[in-house]
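I am attaching a structure below and will ask some questions about it afterwards.
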Amino acid sequence: MSNALDNQYQPSKIEQAIYKAWEDRNAFAARDADSAYCIVIPPPNVTGSLHMGHAFQDTIMDLLTRYHRMKGDQTLWQVGTDHAGIATQMVVERRLAADNISRHDLGREKFIEKIWEWKAESGGTITRQLRRMGAAIDWTRERFTMDEGLSEAVEEVFVRLYEEDLIYRGQRLVNWDPVLHTAVSDLEVESAEENGSLWHLRYPVSGEQDTYLVVATTRPETLLGDSAVAVNPEDERYKHLIGKTVDLPLTERQIPIVADEHADPEFGSGCVKITPAHDFNDYEVGKRHDLPLINVLDKNASIDLPGSDYHGLDRFEARKRMVADLQEMGLVDAIKDHKLMVPRGDRTGSVIEPYLTDQWYVKVEPLAKEAIKVVEDGEIKFVPESWNTTYFNWMNDIQDWCISRQIWWGHRIPAWYDEDGKVYVARNEEEAQAKAGAGVTLTQDNDVLDTWFSSALWPFSTLGWPEKTPELNKYYPTNVLVTGFDIIFFWVARMIMFGLKFTGQVPFREVYIHGLVRDQEGDKMSKSKGNVLDPIDLIDGIDLESLVAKRTKGLMQPKMAAKIEKQTRKQFPNGIESYGTDALRFTFASQATLGRDIRFDLARVEGYRNFCNKLWNASRFVLMNTEGRDCGQNGGDIELSLADRWIISRLQEVEKEAAEQIDGYRFDQLAQTLYSFVWDEYCSWYVELTKIVLNDETASEAQQRGTRQTLVRVLETTLRLLHPIMPFITEELWQSIKDLAGVDGDTIMNKEFPTPDADKIDSQSVTEMKWVQNVITGVRNIRGEMNISPSKALPVLLNNASQHDLNNLEQYSHYLMKFGRFESIDVLSQESAAPESATALVGSLKVLIPLGSFIDAEAEVVRLNKELEKAEKDIAGVAGRLNNPAFVDKAPEPVIAKARQQLQEAETTKAALLEQLERMTAFISK
RNA sequence: GGGCGUUUAGCUCAGUUGGUAGAGCAUCGCCCUUACAAGGCGAGGGUCAGUGGUUCAAGUCCACUAACGCCCACCA
């Protein structure tokens with residue numbers, strides 16, 4: 001970290017070096033304190049890589065952690081990664097498939113070894129990327145869901161739940177993924193409307209010639225597993241058939257006609273075929289009527305009916321054949337187009353099959369009850385609050401959670417079977433053996449647990465549970481969970497349930513739910529659409545060819561490549577510039593509004609990169625004017641100017657707002673507050689005004705010292721305010737100026753977050769400063785409208801000056817002269833003495849610039865008319881209100897007073913403008 | 001079928017307990033003024049999706065409508 005600042009901000013020159021310095025110095029370790037602050041990261045997939053959603057989320061978590069560290073809390077941002085069972089297994093399987101190897105060729109043990117190898121190889125990607133984001137993480141505490149300790153927690157939880165009958169094993173209909181050959185939970189099934197058909201099939205009524213019952217189905221191939229036909233008990237058309245049987249086509253079986261509410265007389269023919277082994281509804285109907293479960297599919301979802309013509313056929317092929325056969329037999333009544341909801345596995349996209357298997361379940365209802373209560377009672381708060389509804393809706397109607405998966409990568413279920421199939425659930429094989437008795441041969445259950453089972457323990461398993469560790473004591477319950485709405489059910493709800501169950505406490509006090517990061521068009525970013533942005537590319541920049549290559553590589557549908565390439569070339573003709581981490585983080589903060597998705601806009605990143613540059617250059621200015629000079633670090637008289645007092649006063653207000661905004665999770669407002677303070681107040685006004693003192697040879701040592709001190713100290717404080725959002729640039733600049741500001745410390749991240757001092761709020765200086773600003777802005781406006789060069793010094797006359805104006809003028813004329821670039825200021829003693837001029841109004845004060853070579857009377861008339869129009873519009877609005885008796889009668893006094901004042905001001909303005917207009921027109925006509 | 005969200009300047013978005021609309025970017029004009037052209041100064045631009053209601057007063061509260069989006073749900 002050098003002291004000489006380049007004259008242009010170049011993030012690449014500072015960011016990585018600073019991070020390394022922090023890490024080398026172990027600066028991220030928590031500092032001991034009484035109060036604690038803890039956030040656990042939603043663990044990303046261990047072999048994944050950082051996407052925009054992560055970058056956004058990480059920015060917020062890091063911002064909060066850094067803020068609390070600066071506030072003096074003992075902070076822990078607990079990070080780590082998730083083994084992501086199915087996702088990771090699929091990745092590795094795909095890699096093996098490239099060499100024509102299946103996992104079955106390798107066998108379970110070898111395959112798992114391969115996955116660990118892959119983790120070792122690619123597992124560092126995401127943590128490297130987190131470092132690039134500037135994340136203040138104590139890396140010694142990094143955890144992985146399949147670490148030994150976390151795995152013990154999983155076993156402990158499983159055993160305890162089993163012992164309390166909250167985990168059970170049973171044969172149920174599950175969502176079966178025929179590609180993965182595993183059960184998945186309800187949440188892993190995504191239903192979407194698709195075009196299909198509704199087949200109306202004729203089932204001959206047994207023993208009756210030419211009498212058919214027409215059933216409507218979207219799944220004709222499951223006919224082979226039908227065990228009844230249901231009609232509504234109230235349906236007059238079929239009442240007489242209840243209790244009879246039909247001859248099930250394509251089989252030798254006869255099945256009963258039963259009465260059940262499930263059959264809707266309005267839908268289709270009013271008759272439903274009942275296939276209890278292959279449909280969730282039918283399963284329930286089957287239970288009510290004691291119907292047999294006839295399984296006709298195998299784990300690939302092919303027909304499994306040895307001896308049948310359809311045996312071994314894929315379900316969709318079987319469907320075709322069966323329909324053709326039925327048609328031949330004259331048993332197809334009609335085929336109608338029909339839109340239906342098709343359930344697909346979220347990983348494979350294959351059609352999910354309801355399938356009868358043995359699985360492990362968590363009985364969630366008793367857990368959900370407690371989890372609902374803590375949110376109702378406000379022990380856990382969702383931010384924004386509207387997510388409560390979503391949470392309650394789901395929790396109130398929650399189904400048991402199928403937790404077993406027929407895959408290999410994950411926590412193996414801690415259950416063993418003896419030769420008779422008797423199950424022993426235990427923490428480990430020894431314990432199981434002890435339960436079973438010596439000499440009994442045990443085999444462990446082959447299944448592994450749903451990944452979300454271990455994720456549900458994350459807030460306490462990472463802190464050492466089930467051991468009673470100091471970390472658990474210190475940091476649990478954690479403070480806030482920062483996450484996306486998409487995993488409220490998968491993760492948040494389950495953490496709450498398990499947290500309460502096993503620690504007796506909520507896992508976190510608040511849940512900050514953020515939106516999704518979308519592309520500029522508002523589309524979800526996805527690899528297949530080729531609209532993904534890599535946060536690292538925004539930080540480092542990327543040339544067009546590399547970007548195109550990256551976006552078109554490894555597509556599932558290679559034919560999309562051309563389209564993606566075209567679209568990419570159009571959107572980024574010059575690739576992407578390097579903006580740096582700080583600009584990216586500031587962008588995320590500025591877009592972090594509550595309850596809304598983010599449309600990611602590159603123009604904004606550029607704007608905030610420019611903001612970094614502004615801050616950088618302001619700091620250069622400060623350095624140039626304070627380095628090697630006396631800034632009052634060692635005492636000495638200090639005299640503060642109006643500008644000094646004003647900026648210090650404003651700073652107090654900004655400090656107050658900043659803290660409130662962070663505490664309220666309004667990072668967008670925080671960004672806005674700091675941006676405008678730095679740019680519009682510190683740079684545009686304050687820095688400019690300091691030049692007057694700093695370049696004034698007649699200024700006293702105390703005045704110079706006061707200005708230098710204020711210049712550097714306000715900057716130093718501002719850097720601390722900005723640090724949680726922009727860690728790198730603030731550290732770099734802070735290192736350069738800290739000595740001048742009279743502060744010490746190794747790193748800005750351990751300095752206190754600024755807090756306002758009420759004594760430094762100086763409303764008088766704010767008022768007087770406003771006067772100075774108004775006079776200067778008034779003249780600037782005339783310059784702008786008249787196209788007068790800023791370098792041209794203007795003679796200025798003041799007319800109708802009040803005592804108050806005269807006082808201000810006496811004190812601050814040097815500001816006006818230099819900053820306003822006035823040639824002279826003269827106060828007119830008599831109204832009538834004013835020459836023809838362009839006029840700016842500051843309250844009742846008239847600031848005049850006499851007509852001359854650079855002031856055009858006609859242009860002034862145009863300008864005055866514009867102003868007049870505004871004034872008249874104001875008057876119309878306010879007068880309208882005041883003339884309404886009801887308003888004067890009922891509105892609160894301060895509102896009325898304010899309106900009266902507005903009216904008076906507007907009318908003063910209007911009168912002055914009219915007078916000027918008159919003079920101008922008279923002048924022109926002369 | 002339920003539930004939720006969004007609709008404000010050309011674009012992306014703010015707008016706290018109702019007091020008469022703001023920012024950034026883009027646009028237009030003038031400036032290379034000794035921190036910064038990734039800059040300075042000035043300007044233009046909005047019937048706050050629509051209708052109705054409450055109120056002295058509605059972008060803000062209520063009801064309905066429309067469009068878009070998301071979540072949940074077994075209609076075969």
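First the proteins, then the strands, lettered A, B, ... as listed; each starts at 1. Values below: all heavy atoms of this structure, side chains included; hydrogens, waters and symmetry mates excluded. If you're wondering where the values come from, they're calculated on a predicted model, not measured in any experiment.
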- Have a look at A/R604 and say if it touches a base, only the backbone sugar-phosphate, or nothing, with a 4.0 Å heavy-atom cut-off. base

| said: Just checking A/Y512 against A/F667, ring centres under 6.0 Å apart? | reply: yes

Here the distance between atom P of B/U16 and atom CG of A/D668, to the nearest Å, is 12 Å

Under 4.0 angstrom, heavy atoms only, what part of the nucleic acid is A/A263 near: base, sugar-phosphate, or nothing?
base

Give A/P892 one of three labels, base, sugar-phosphate or nothing, depending on what nucleic acid heavy atoms sit under 4.0 Å from its own. base

Hey, does A/G196 reach any base, or is it just sugar-phosphate, or nothing, if we go heavy atoms under 4.0 Å? nothing

**Study point:** Residues A/E869, A/K866: salt bridge by 4.0 Å N-O rule
**Key:** no

Centre of A/F611's six-membered ring, under 6.0 Å away, within 45 degrees of the axis: is that where NZ or CZ of A/R585 sits? no

Just to be sure I understand the rule, does A/K273 reach a base, reach only the sugar-phosphate, or reach nothing, if contact means heavy atoms closer than 4.0 Å?
nothing

In whole angstroms, the gap separating P of B/U12 from CD of A/E521 amounts to 9 Å

As its Watson-Crick or G-U partner within any shown strand, both distances under 3.5 Å, B/G45 has none

Atom NZ of A/K818 and atom P of B/U33 are separated, to the nearest Å, by 19 Å

When rounded to whole Å, the CZ to C1' distance for the pair A/R596 and B/C68 reads 12 Å

| When all nucleic acid strands are considered with a 4.0 Å heavy-atom cut-off, which category describes A/E660: base, sugar-phosphate, or nothing? | nothing

> For A/C612, which contact category applies under a 4.0 Å heavy-atom criterion: base, sugar-phosphate, or nothing?
Replying inline: nothing

Examine the base of B/U16 for any acceptor or donor lying under 3.5 Å from a partner atom in the side chain of A/R666, and report the outcome as yes or no.
no

Separation of B/G15 atom C1' from A/L594 atom CG, nearest Å, is 13 Å

Atom CD of A/Q591 and atom P of B/A14 are separated, to the nearest Å, by 9 Å

Pairing partner of B/U7, by Watson-Crick or G-U wobble and under 3.5 Å for both distances, is B/A66

Original post:
Contact class for A/S676 vs. all strands (heavy atom < 4.0 Å): base, sugar-phosphate, or nothing?
Top reply: nothing

- prompt: Any side-chain N or O of A/T390 under 4.0 Å from OP1/OP2 of B/G3?
  reply: no

Under-3.5 Å donor-acceptor pair between A/N281 side chain and B/C74 base:
yes

Whether the side chain of A/R609 and the base of B/A38 hold a donor-acceptor pair under 3.5 Å is what I'd like checked. yes

Taking a pair to mean Watson-Crick or G-U wobble geometry with both distances below 3.5 Å, B/A14 pairs with none

Quiz item: With a non-hydrogen cut-off below 4.0 angstrom, is A/W679 in contact with a base, only sugar-phosphate, or nothing?
Solution: sugar-phosphate

* Asked: Touch check for A/H338, heavy atoms < 4.0 angstrom, all strands: base, sugar-phosphate only, or nothing?
  -> sugar-phosphate

message = Could you tell me if A/N617 and A/N613 have a donor-acceptor pair between their side chains, going purely by distance under 3.5 Å?
response = yes

A/R881 CZ to B/U55 C1', in whole Å, measures 14 Å

For B/A73, the nucleotide meeting Watson-Crick or G-U wobble distances (both under 3.5 Å) is none

Answer for the Watson-Crick or wobble partner of B/G39, both distances under 3.5 Å, is B/C31

Heavy-atom nearest nucleotide on RNA chain B taken for A/V895 and for A/T593; more 5' hit belongs to A/T593

Heavy-atom nearest nucleotide on RNA chain B taken for A/Q672 and for A/V888; more 5' hit belongs to A/Q672

Categorize A/Q8 for me: base, sugar-phosphate, or nothing, with a 4.0 angstrom heavy-atom threshold over every strand shown. base

Per atom distances to the A/Q669 side chain, the nearest of B/U33, B/G39, B/A14 is B/A14

Taken to the nearest whole Å, CZ/A/R620 to P/B/A35 is 9 Å

Answer for the Watson-Crick or wobble partner of B/C56, both distances under 3.5 Å, is B/G19

Which of B/A43, B/C36, B/C4 is nearest the side chain of A/S386? It is B/C4

More than 12 foreign heavy atoms under 6.0 Å from NZ of A/K656: is that the case here?
-> no

As its Watson-Crick or G-U partner within any shown strand, both distances under 3.5 Å, B/A26 has none

Check: A/T218 near the nucleic acid: base, sugar-phosphate alone, or nothing, with a heavy-atom cut-off under 4.0 Å?
Finding: sugar-phosphate

* To do: Answer yes or no: does a side-chain N or O of A/K691 lie under 4.0 Å from OP1 or OP2 of B/U33?
  => no

Margin query: Ring of A/W176, cation from A/R344 - is the NZ or CZ under 6.0 Å from the centre and inside 45° of the axis?
Written below: no

Margin query: OP1 or OP2 of B/C41 versus the side-chain N and O atoms of A/R783: is any pair under 4.0 Å?
Written below: no

**Prompt:** Using a cut-off of 4.0 Å on non-hydrogen atoms, how would the nucleic acid contact of A/F611 be classed: base, sugar-phosphate, or nothing?
**Reply:** nothing

Using only modelled atom types and a 3.5 angstrom limit, is any donor from either the side chain of A/Q10 or the base of B/A38 paired with an acceptor on the other? no

> According to a strict under-4.0 Å criterion, is A/N393 in side-chain N/O contact with OP1 or OP2 of B/C71?
Replying inline: no

* Crowding at CD, A/E385 (>12 non-hydrogen neighbours, <6.0 Å) -> no

(request) Check whether more than 12 heavy atoms from other residues, nucleotides or ligands sit under 6.0 Å from atom CZ of A/R288, and answer yes or no. (result) yes

Please check if the number of heavy atoms outside A/D663 that lie under 6.0 Å from its CG is greater than 12. yes

Under 4.0 Å between any heavy atoms, over every strand shown, what does A/D889 touch: base, sugar-phosphate, or nothing? Just pick one.
-> nothing

(request) Establish, with yes or no, whether the OP1 or OP2 oxygen of B/A38 is under 4.0 angstrom from a side-chain nitrogen or oxygen of A/N617. (result) no

